[in-house]
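Since the structure comes first, as C-alpha cells, the remarks are kept for the end.
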Number of protein chains: 2
Amino acid sequence: MRSNAEDLTTRARIRDAAIGLFGRDGFTRATVRAVASAAGVSPGLVIHHFGSKAGLREACDRHVLAQTATQGREKTDPGSTRQLIQDYLNHPDQYANEISYIRQSLGDESAAGDAFFDAVVRQTQDIIQDGIDAGTIRKVDDVRSTAVVIASNSLSILMLGRHLSRTLGAVTPEPHGIGPELLRHLTLPALDIYTHGFYTDSRFLDAARDALRQDTPTKEGSMPRDPGNRRRGVA
Amino acid sequence: MRSNAEDLTTRARIRDAAIGLFGRDGFTRATVRAVASAAGVSPGLVIHHFGSKAGLREACDRHVLAQTATQGREKTDPGSTRQLIQDYLNHPDQYANEISYIRQSLGDESAAGDAFFDAVVRQTQDIIQDGIDAGTIRKVDDVRSTAVVIASNSLSILMLGRHLSRTLGAVTPEPHGIGPELLRHLTLPALDIYTHGFYTDSRFLDAARDALRQDTPTKEGSMPRDPGNRRRGVA
DNA sequence: TCAAAGACTAAACAGCTGTTCAGCCGGGAT
DNA sequence: ATCCCGGCTGAACAGCTGTTTAGTCTTTGA
C-alpha cells in the first residue's frame, strides 16, 4: 500500500523483512540470520537495531498492530470498509505479509495476538450494535457473545485459509491461502446462513436452551448433568 | 480414554509424551530431549525407536489421526455424537493432548492437518445432507461449500479457543483454552444465528449475489470490477 | 578540522539442536 | 552355558541458534 521501493530506512527494511519471514515461517523457525539476509544486512545489525530477537518481534508487533488499527478506524463507515475490501481484492499481495503475521500471532500465543483479537471483537460488536439500531441485524440476547461468535467465524478464514482454498480447489496464494477466489466461494454460503439461518426450526436451539437452564454452572471441573443434545455435530 | 497407567510400551510412552509436547509447544519448539525427559527415557532411545524427529512426528500424526477417525466413525448417529460430547464435557482433560495436537497440525502446514481438515469437512457434509433429507436443515444451493463454511466456523473454536475463553472471561484450560464454560458461552449465540439467521432481510445476500454474477471470474490475478458491498465488515 | 557518534560488518562465542556411536544389560534361542 | 539381539544409556559430534565483540566506515556537529 505504501512505497514498495527501497527508499526505506535500514531499520524499517529489517522490520519489514522480519514481518514477512515471521509470518511465513513463524517466530521460532524464522532466524535472525534469515531476516538479516532478506534485508541485505548482517546479523549483528539486526541485534544492534532491536536489541534482541524478542525486541525485533515487539517492533514488528507494534508496527502491524498500528497499521491494522488505522485501517480498522473507519469501522462504522460502510463505504470505507467496502473500499478496503475492494482494495484488498485488487491488490492482494500488498497485505499478504500482514495477514500472515497476524495469523501467526493469533496462533502462537502473544500479547499482540491478544490485542488484535480483542480489537476485532470490539469492532464487530460495534458493527452489530449499529446494525441492530439501523434494523439490518436481528436483535440478539447477548451482543457481546454474538460478536465473539461472528468474529470467531470471520477469523477462521484467516486461520484456515490454506485448508479452505485447498478443499475448494481455489488458487492458494502463499503463504496464507486467502485470495479472491476463496472469498468468491465462501461469500454466498456464509451470507445465506447469516440471512436465512441453517436449521429449519428452533428445535436444536430450544433443546440447548433447556439443557443449559437446568445445568448447574459449577464454577470448576466437570459438569454433573447431561447437557442434552446441544450442537449435534456441527457448530 | 484408554489406560492412563504406565503399563504402556516404552515406544507408546514416548509417542504419547511427544503428542503432549508437540501439542503444547509446537513441532519446532518441542525438542527431542524434552520428549525423552517427559517419557523418562534417554534422547538416543527416541531416535532409536522412530529414526528421527520427523519420524516421531509421523508416528504421532498416524496415532492421533487413527484415534480421531475411530471417534468420527459414528458420524450420522446423533446419539453417539451426543454421547461423545457429553463424554468430553465430563472428562475434558482426557482429550486435551489430542485437541492441542490437532490445533498445531492445522496451523503448521502438514499432511496430517490436511487429512484431518478434509475428514471434518466430509463428515460435516454428510451430516448436512442427512439433515436436509430429514428436514431439520434448510435446503442449500451448494452442500459442499456450506459444509466448508460450517466446518470452518466449528474449527475456529479449536484454533481460537484461548482467545475466546479470554475475552469471555471463562476458565482457560491449558493449553488449548477449550472447556465446558467456553462452550456454555458460545452455544446459544451460535445456535441462535444458525436457527434465526443474523440479518433481518436478504439485502446483503442479494447484493453479494448480484455482485458475484456480474463479476467475470478471471482465473488469475486481480479482479477487474468492483465486487460491490459484499460482506460488509462481518462474515 | 577534528572528534564523537552512530551505522555497519566479520568473526567468534556459548548454548542448544538433532543425531550418532560405542557399549551395557537382560532375556530368549541354540 | 553361550550367543546374540533389541532395548537402552551416556557421551560425544556437527551444525545451527541468538548474541557479543572488536573494529571499520560514514555521517554529524562544534
Side-chain angles (χ1 to χ4, degrees), chain A residues 3 5-64 101 104-105 107-112, chain B residues 3 5-64 101 104-105 107-112:
Chain A
S3 60
E6 288 303 341
D7 52 11
L8 289 170
T9 265
T10 301
R11 194 188 138 96
R13 266 194 7 254
I14 297 174
R15 175 191 13 84
D16 288 353
I19 290 173
L21 287 183
F22 283 162
R24 182 162 64 89
D25 302 332
F27 302 102
T28 308
R29 277 189 291 271
T31 69
V32 172
R33 280 172 174 81
V35 170
S37 166
V41 135
S42 76
L45 189 62
V46 176
I47 302 296
H48 170 73
H49 274 301
F50 298 94
S52 67
K53 189 185 183 183
L56 172 61
R57 176 180 178 169
E58 285 175 29
C60 294
D61 285 346
R62 275 194 302 272
H63 185 255
V64 171
Y101 189 92
Q104 295 283 358
S105 296
D108 182 0
E109 72 187 276
S110 75
Chain B
S3 61
E6 289 302 341
D7 51 12
L8 290 168
T9 267
T10 301
R11 195 187 138 96
R13 264 190 13 249
I14 296 175
R15 179 198 1 93
D16 288 353
I19 290 174
L21 287 183
F22 284 162
R24 181 161 63 89
D25 302 332
F27 301 101
T28 309
R29 278 190 290 272
T31 69
V32 173
R33 280 171 174 80
V35 170
S37 165
V41 137
S42 76
L45 189 62
V46 176
I47 303 297
H48 171 73
H49 274 300
F50 297 94
S52 65
K53 189 186 183 183
L56 171 61
R57 175 177 180 171
E58 285 174 31
C60 293
D61 285 347
R62 275 194 301 273
H63 185 254
V64 171
Y101 190 92
Q104 297 282 358
S105 297
D108 182 359
E109 73 187 275
S110 75

Nearest-Å distance for atom pair CD1/P, residues A:I47 and D:dT17: 13 Å
Spacing between A:L21 atom CG and D:dG18 atom C1', to the nearest angstrom: 16 Å
Side chain to side chain contact (heavy atoms under 4.5 Å, CB included) between A:D108 and B:R29, intermediate numbers included: CA-CA 11 Å; A:D108 182 0; B:R29 278 190 290 272; 3.7 Å; yes
Spacing between B:D25 atom CG and C:dT17 atom P, to the nearest angstrom: 11 Å
Distance, nearest 0.5 Å, that separates CG of B:D25 from CD of B:Q104: 8.0 Å
Nearest-0.5 Å distance that lies between atom CG in A:L45 and atom CD1 in A:I14: 4.5 Å
A:H63 NE2 to A:D61 CG distance, which is reported to the nearest 0.5 Å: 12.0 Å
Atom pairs under 3.5 Å, N or O on each side, protein against nucleotides 8-10 of chain C: can you list them with distances?
from	atom 1	to	atom 2	distance (Å)
C:dC8	OP1	A:T10	OG1	2.9
C:dC8	OP2	A:H49	NE2	3.3
C:dT9	OP2	A:S42	N	2.9
C:dT9	OP2	A:S42	OG	3.0

Point-to-point distance, once rounded to the nearest 0.5 Å, from CG of B:L21 to CG of B:D16: 11.0 Å
Distance, rounded to the nearest Å, where A:R33 contributes CZ and D:dT19 contributes P: 11 Å
Worked check of side chain to side chain contact (heavy atoms under 4.5 Å, CB included) between A:R11 and A:F50: CA-CA 9 Å; A:R11 194 188 138 96; A:F50 298 94; 3.6 Å; yes
For DNA chain C, the residues among residues 51-64 of chain B that have a non-hydrogen atom under 4.0 Å from it: B:S52, B:K53
Value in whole Å for how far the P atom of C:dT20 lies from CZ of B:F50: 16 Å
Ring geometry between A:F22 and A:F27 (parallel below 30°, tilted from 30 to 60°, perpendicular above 60°): tilted
Sugar-phosphate, base or nothing in reach of B:A39, heavy atoms under 4.0 Å: nothing
Nearest-0.5 Å distance, CZ of residue A:R57 to OG of residue A:S105: 6.0 Å
